[in-house]
Amino acid sequence: MEYRPDVGLEDLCPVCGDKVSGYHYGLLTCESCKGFFKRTVQNSKKYTCVENQQCRIDQTQRRRCPFCRFQKCLRVGMRLEAVRADRMRGGRNKFGLMYKHDRALKQRERALIQARRFRPERNPIWASSTHQRHMAFTDGLHPTANLHSTPTTTDKSPSLSSLLPSNSPFVPQYQFAFPSNWTIKSEHNNNWASSTGSTAGICTDSYDPSSRCSSAQDPVIPQLVLEFLHCDPDELQLRNKITAHLQQEQTGWERYRDPETFNLMCVIADQMLCLIVEWARTSIFFKQLKVSDQMKLLHHCWSELLLLDIISRQILYGKEGSLLLVTGEEVELSDIVFHADPALANLTQRGQKLVEKLHILKVDRQEFACIKFLILFNPDVKELEEHGLIESVQEQIQRALLEYTLSTSSQYLSRFTHLLLCLSELRSLSILTEDYLYWRHLNAEMPCNNLLSEMLHAKRA
DNA sequence: CTAGCCTTGATT
DNA sequence: AATCAAGGCTAG
């Protein structure tokens, strides 16, 4: 296998693919597109397209249609407001900070790639993917990048049923034993909410985060937790997959620096859902379930998993005051709240509060990996064929998580209880989010024919 | 018009 | 003083 640098994307102009000469009008572009954008805006140029406004824009053909070229400039995120009305030269503009953040992010990314190169990690999840993705940069087919445009066979995300059937034979590694020395007593339907009542007495004291053990003495990571970690996809691979897809879709992913681009967020969420399904179907325990049960479980918990994915990203990699997207972009939370409608603003704020709580608890990657499985294996889902099996897996996960928590925190019971309370909040937040998305979906404000809309319909059918 | 190179000037 | 993203200039 030969070495090919996969960092090429950010060195190419997102408009025409030429060599980038620096940040211009909001993002990294080449010198010629910088000049073209400047001339167009300064002189208020009006172009027309002699074709059907779908001209391919690349380095050799960029001169042929200024109309389509300018459309693409806007689409990839070049900012009109960065062209100065007074034509003042020199100095800096308000984007300076954004450029700085972007640079830091790219630097971090490079470091990650560098580190991974020396410690190559075999990842069976991606290798065994049945869903082929075209990484090639196919330009010119969707020039307006209208996300409502009729999906082609490549840009339409596959249905859940087509994603699920697994070819890999199951090799049993774990016994489904029931030596439950302890269980979380469930008084309600809700797994998480139950802990409020039964263990309330223990958790009235506030949790002291300093009780979290330092890594000085290595915590004992239970075998099952290690297995969950092994199933957990690598963040950088997720990022590369999603950005490759967005490139292919010609959506110009820089656009969501503008928090109003709800559509693009939906495309990202849809792609994340595909990857979550991929994670599940190749994961321990889940891959041996009947496909019908797999579908029921995923239909039930997809929004929780999606939210947890977003939230865990903030805690593991993000920073305060901004939302880190899977693509590596950061969006100011205040911008989102300012631009969003009241319902979305409220969801964002509640989500942020949850992030803060989990941040105080210092939830780590091991625990997030466990929690994902806890959410997936929900024995309260109706009409499960292998209910007993799913229940026993749920108990094993709970045991493993508690065992791990025990080894990393001196106040493990308090900590564990707080963790479960957070999951209860995650549950209600996911229900609200589904309602919100469904409402936008009914108003035809979302891209259709994708996994996201399939999931939205599943529970309401 | 295009695009490569030049000048400018606030920020660091 | 160095940086670097604005605007400016000018052959082709």
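So that the names make sense, note that chain A is the first sequence line, chain B the second, and so on, each numbered from 1.
For A:Arg62 and B:dA3, the shortest distance from a side-chain N or O to OP1 or OP2 is below 4.0 Å.
Residue contacts for A:Arg92: at a heavy-atom cut-off of 4.0 Å it reaches a base atom on one of the strands shown. Heavy atoms of A:Lys94 sit nowhere under 4.0 angstrom from any nucleic acid atom.
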Check against side-chain contact (heavy atoms from CB on, under 4.5 Å), A:Asp364 and A:Ile315: CA-CA 8 Å; A:Asp364 60 24; A:Ile315 289 155; over 6 Å; no
Derivation and outcome, salt bridge (Lys or Arg N to Asp or Glu O under 4.0 Å), residues A:Glu356 and A:Lys353: CA-CA 5 Å; A:Glu356 281 162 20; A:Lys353 275 185 193 141; over 6 Å; no
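A:Glu227 places no side-chain N or O within donor-acceptor distance of the main-chain N or O of A:Gln223, the cut-off being under 3.5 Å. Without hydrogens or angle criteria, A:Ser428 side chain to A:Ser424 main chain gives a donor-acceptor distance under 3.5 Å. Judged by distance alone, the side chain of A:His418 and the main-chain N or O of A:Ser414 form a donor-acceptor pair under 3.5 Å.
Between the CZ atom of A:Arg89 and the P atom of B:dA10 there is a distance of 13 Å, rounded to whole Å. What separates CZ of A:Arg69 from C1' of B:dA3 is a distance of 9 Å, to the nearest Å. The CG-P distance, from A:Asp18 to B:dT2, rounds to 15 Å in whole Å. Whole-Å rounding puts the A:Met88 CE to B:dT8 C1' distance at 10 Å. The NZ atom of A:Lys100 sits 14 Å away from the C1' atom of B:dA10 (whole-angstrom rounding). The distance from atom NE2 of A:His24 to atom P of B:dG4 is 11 Å, rounded to the nearest whole Å.
In summary, contact between chain A and DNA chain C, defined as any nucleotide atom under 4.0 Å from a heavy atom of the protein, begins and ends at C:dT3 to C:dG8 in the 5' to 3' direction.
For the segment residues 32-44 of chain A, the set of residues with a heavy atom within less than 4.0 Å of an atom of DNA chain B comprises A:Ser32, A:Phe36, A:Arg39, in numerical order.
When all heavy atoms are compared, the tightest approach of A:Cys422 to A:Leu354 is O-CD1, 3.6 Å.
Taking the six-membered ring where the residue is Trp, A:Phe37 and A:Tyr25 present tilted rings, their angle falling between 30° and 60°. Under the 30°/60° scheme for interplanar angles, the aromatic rings of A:Tyr23 and A:Tyr99 are found to be tilted.
Checking A:Ile431, A:Asn346, A:Asp341 one by one against A:Tyr436, the side chain to side chain contact (heavy atoms under 4.5 Å, CB included) holds for a single residue, A:Asp341.
For B:dT2, its base never sits under 3.5 Å from the side chain of A:Arg63 at any donor and acceptor pair.
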